[in-house]
Amino acid sequence: NAGVTQTPKFQVLKTGQSMTLQCAQDMNHNSMYWYRQDPGMGLRLIYYSASEGTTDKGEVPNGYNVSRLNKREFSLRLESAAPSQTSVYFCASSEGTGLLFVYEQYFGPGTRLTVT
Amino acid sequence: AQSVAQPEDQVNVAEGNPLTVKCTYSVSGNPYLFWYVQYPNRGLQFLLKYITGDNLVKGSYGFEAEFNKSQTSFHLKKPSALVSDSALYFCAVRGTYSGAGSYQLTFGKGTKLSVIP
């Protein structure tokens, strides 16, 4: 099993350009997540999808949109990139999420995005 | 709102010595606590979690963590450090309250562990 895969690994954008980060998991997990990691800030949740067909905002959703394409795939779109979105983006998945579901998350290798 | 504090940005320890990486938390309801490790240019890897029960939780690679409810702490420990343990360690918490963003993990800022040969 590949686990969680992300494409691309690296990307450089100019301010105002758009792009989509792709994420796929082959573990038959119900829940998927997008985080950004900035130095000294830890990981912050951008959006998540508790199950296929649902998406919800996390801590820092502004400037991003997501699509849960199917159970396997969860994409993150930057419509008009800004320098403040320079970061490392991680996708993760877990068996589920909810009051009674305390499952660990599995992370992809990350996408390093620079916006100039 | 829930929060996690990792009071040390960096911890240095000699190889073979015991190591401790500190974590304190604040959460509504019962805490569910996690430790993750991140090696350079990699994603996070799950080490262990506390849900309920025994206050000492054992995890991967010889790591363990001690849950202390009165001190709201969940410190990561290992009896004998290896050079290969050098990495960035994250503590995370989720609670049991309802509302927007419920049941999602909140991560600490991370602690860089350096094990010196």
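Predicted model only: the values in this text are computed from it and were never measured. Lettering of chains follows the sequences in order, A, B, ..., and the numbering in each one begins at 1.
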Close approach to chain A in residues 61-93 of chain B, criterion heavy atom under 4.5 Å: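 When heavy atoms of chain A are the reference, residues 61-93 of chain B contributes B:Leu88, B:Phe90 within the under-4.5 Å range.
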Ring pair (Phe, Tyr, Trp, His ring centres under 6.0 Å) assessment of A:Phe107 paired with A:Tyr35: CA-CA 10 Å; A:Phe107 285 78; A:Tyr35 293 90; 5.6 Å; yes
Can you confirm whether B:Cys23 sits close enough to B:Val4 that some side-chain heavy atom of one is under 4.5 Å from a side-chain heavy atom of the other?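 Yes; the side chains approach each other to less than 4.5 Å.
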Donor-acceptor under 3.5 Å (B:Thr106 side chain, B:Ser3 main chain):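 Answer holds: no.
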Looking at A:Ala50, A:Ala92, A:Gly40, which makes the most heavy-atom pairs under 4.5 Å with chain B?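 So the answer, after comparing A:Ala50, A:Ala92, A:Gly40, is A:Gly40.
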Sort [X] into side chain, backbone, both or neither according to what part of it lies under 4.5 angstrom from a heavy atom of chain B.
X: A:Gln37; answer: side chain
X: A:Tyr33; answer: side chain
X: A:Leu45; answer: side chain

Roughly how far, to the nearest 0.5 Å, is the CG atom of B:Leu19 from the OG atom of B:Ser114?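 Output value for this atom pair is 11.5 Å.
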Tell me whether the centres of the aromatic rings in B:Tyr36 and B:Phe107 are closer together than 6.0 Å.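 Yes; B:Phe107 has its ring centre under 6.0 Å from that of B:Tyr36.
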Ring centroids only, cut at 6.0 angstrom: are A:Tyr106 and A:His29 within range, meaning strictly under it?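 Ring centroids of A:Tyr106 and A:His29 are less than 6.0 Å from each other.
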Can you find a side-chain donor-acceptor pair between A:Arg77 and A:Ser67 that sits under 3.5 Å?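 Looking only at side-chain atoms, A:Ser67 and A:Arg77 do not form any donor-acceptor pair under 3.5 Å.
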Under 4.0 Å between a Lys/Arg side-chain N and an Asp/Glu carboxylate O for A:Glu104 and B:Lys49?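 Yes.
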What pairs with A:Asp38 under salt bridge (charged side-chain N to carboxylate O under 4.0 Å, His left out), at least two apart in sequence or on another chain?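 By the salt bridge (charged side-chain N to carboxylate O under 4.0 Å, His left out) rule, A:Asp38 matches A:Arg36, A:Arg44.
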What part of B:Leu44 lies closer than 4.5 angstrom to a heavy atom of chain A: side chain, backbone, both or neither?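 Both parts, backbone and side chain.
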Structural part of B:Gln6 lying under 4.5 Å from a heavy atom of chain A: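 Neither part, no heavy atoms under 4.5 Å.
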